Each structure stands twice: as C-alpha cells, then as structure tokens.
Amino acid sequence: MTSRHPSRARFLTSCAAFSSAPAIALAAPSAQQVARHERYMREAIREAKRNPKWPFGAVIVDSGSGEILARGVNASAGNPILHGEIVAINDYVARYGNRNWSRATIYSTAEPCSMCAGAIVWCAIPRVVYGSSTLVVETMIEQISVRAAKVFAAAPFYRNSLLLGGVLAAETDTMLRNRVK
C-alpha cells in the first residue's frame, strides 16, 4: 500500500485500519478522488463542530457539479431522531423536494447508524462516505451495533455504488473523543 501521494497513502491507511470497513468501490480511490472526499468531509466536520456534545455532521453533495446541496448537524437534544444525516436529508428535501437523489453523495463524520442508513436507503442516496467507523463510535457513545453495509444489504432494491469509510478518521475520531460531555 505505497503511494507517492502522501494524502492518498494516509487515506488508504485509514481505510485499511478497519478490518471490516465496507468499501463497495471496486478500486482504490485516485489522488483526485481522495482530495475531493477530504474536501467534503472537512465540510461535514465543520457542521459537526456546531454541536460539541454530539459532533455528528453531514453534507449532501451533487456528485456531478460538486455543489453542496444540504447540511446537517446532530440536533437530538430537541428530537432523538435528528442525527446529522437526517437533518441534512430534511434540509435537502426543504430545498429541492424529494427528488434527484441519484446525483447525491452524503458525507458524514461517522458511519451512519442503522436509523440513518435506513433513511439513506429510502432516499436511494447511492454514495456514502464517512469518517469514524461504528466500531470506533461505539467505544465512546452508546450505539446500535449494526454496520451501515448490513442495513444496505438488507434492502435488495437499494443500489449503493460507493460506501467508503475512514476519510479523515483521525480527525473525526479525535473530535468524538474530545466531545463535551
């Protein structure tokens, strides 16, 4: 796993750190794809920092244009189902309606929990990129121990073309470890 591009090598190493990390992409991402994933993960991290107690953020990106279409941060203090991904999905629907999901990629600071993974299935968002793995999150926060890939696989009608974990995981893991309790 050597690379002349240090960011790509770091990224591939962080992805390999999870023995059961799902990666539905058939090939390792190119340096350009790594840079793109890191750019949008930084936006999700920016969202997450708005809630220091529950730093889970997400952005939905148009995979063609690169435009950020929606944003979300965990708002579960007011409603327990308002995880970052759900807030971003609601933001998207408020702006664009319940359509054109096929162009979307959702970036989340943590692997979508089973509830959020289910919502992603029902929206038919085909690409999911996350930072911290459920395996890491559950060591710090109570978590339903069902991996996103398992939820996706349980929906035979769902077509996921990318499920990629570990993007900027060192940063997202640290953010979760240092959260305000």
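This structure is a prediction, so every number in the text was calculated from the model and none was measured. For this chain, numbers begin at 1 and follow the sequence in order.
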Exercise for review: Go through the steps for V136 and L176 under the test side-chain contact (heavy atoms from CB on, under 4.5 Å), then give the verdict.
Suggested key: CA-CA 9 Å; V136 171; L176 286 168; 5.5 Å; no
Before giving the answer on side-chain contact (heavy atoms from CB on, under 4.5 Å), spell out for V93 and W101 the whole-Å C-alpha distance, their side-chain angles and the decisive distance to 0.1 Å. CA-CA 10 Å; V93 170; W101 294 107; 3.7 Å; yes
- Message: Let's go through T172 and T109 carefully: what are the C-alpha distance in whole Å and the side-chain angles of both, what is the deciding distance for side chain to side chain donor-acceptor pair (under 3.5 Å) to 0.1 Å, and is it a yes or a no?
- Response: CA-CA 6 Å; T172 59; T109 55; over 6 Å; no
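Of all heavy-atom pairs spanning A48 and M175, the tightest one is CB-CE, 3.6 Å. Taking both residues in full, the closest heavy atoms of S132 and A169 are given as OG-O, 4.3 Å, listed atom of the first, atom of the second, then distance. The shortest heavy-atom contact between V61 and R36 is CG1-NH2, 4.4 Å. P112 approaches A148 most closely through the heavy-atom pair O-CB, 3.8 Å. When all heavy atoms are compared, the tightest approach of L163 to N160 is N-OD1, 3.4 Å. Nearest approach of I86 to C116, heavy atoms of both residues: CG1-SG, 3.8 Å.
Hydrophobic clustering, with ILVMFWY side chains joined whenever heavy atoms are under 4.5 angstrom apart, groups I144 together with V151. Residues M115 and V137 are members of separate hydrophobic clusters, defined by side-chain heavy-atom contacts under 4.5 angstrom among Ile, Leu, Val, Met, Phe, Trp and Tyr. At a threshold of 4.5 Å between side-chain heavy atoms, the hydrophobic network of Ile, Leu, Val, Met, Phe, Trp and Tyr places V87 and V129 in two separate groups. Under the 4.5 Å side-chain heavy-atom criterion for ILVMFWY residues, no single connected hydrophobic cluster contains both Y130 and V73. By the criterion of side-chain heavy atoms lying less than 4.5 angstrom apart, applied directly or through intervening Ile, Leu, Val, Met, Phe, Trp or Tyr residues, L69 is grouped together with I89 in one hydrophobic cluster.
If you take CG on N74 and OG on S108, they are separated by 10.0 Å, rounding to the nearest 0.5 Å. Here I106 contributes atom CD1 and Y92 contributes atom OH; the two are 11.5 Å apart, rounded to the nearest 0.5 Å. Separating the OG1 atom in T139 from the CZ atom in R177 is a distance of 7.5 Å, to the nearest 0.5 Å. The distance from atom CZ of R147 to atom OG of S133, rounded to the nearest 0.5 Å, is 4.0 Å. Interatomic distance, N51 CG to L82 CG, rounded to the nearest 0.5 Å: 11.5 Å. Here CD1 of I125 is found 11.5 Å from OG of S161. Values are rounded to the nearest 0.5 Å.
Between the side chain of S63 and the backbone N or O of R103 there is at least one donor-acceptor pair closer than 3.5 Å. One N or O on the side chain of R127 and one on the backbone of A104 form a donor-acceptor pair closer than 3.5 Å. In this structure a side-chain-to-backbone donor-acceptor pair under 3.5 Å is missing from R179 to P52. Between the E38 side chain and the A35 main chain, no donor and acceptor come within less than 3.5 Å of each other.
Taking 4.5 Å as the limit, some side-chain heavy atom of L135 sits within range of a side-chain heavy atom of E138. Taking the side chain as every heavy atom from C-beta outward, I68 and Y40 approach each other to under 4.5 Å. Between T134 and C113, the closest side-chain pair of non-hydrogen atoms is not below 4.5 Å. Two residues are said to be in side-chain contact when any heavy atoms from C-beta on lie closer than 4.5 Å; P126 and R159 fail this criterion.
Salt bridge status for R71 with D91: absent, with no side-chain N to carboxylate O gap under 4.0 Å.
Each of W122, F157, Y158 was evaluated against F152; a single residue qualifies, Y158, per the ring-ring contact (aromatic ring centres under 6.0 Å, His included) test. Checked against Y107 for a side chain to side chain donor-acceptor pair (under 3.5 Å), the options E43, H37, R42 give a single hit: H37.
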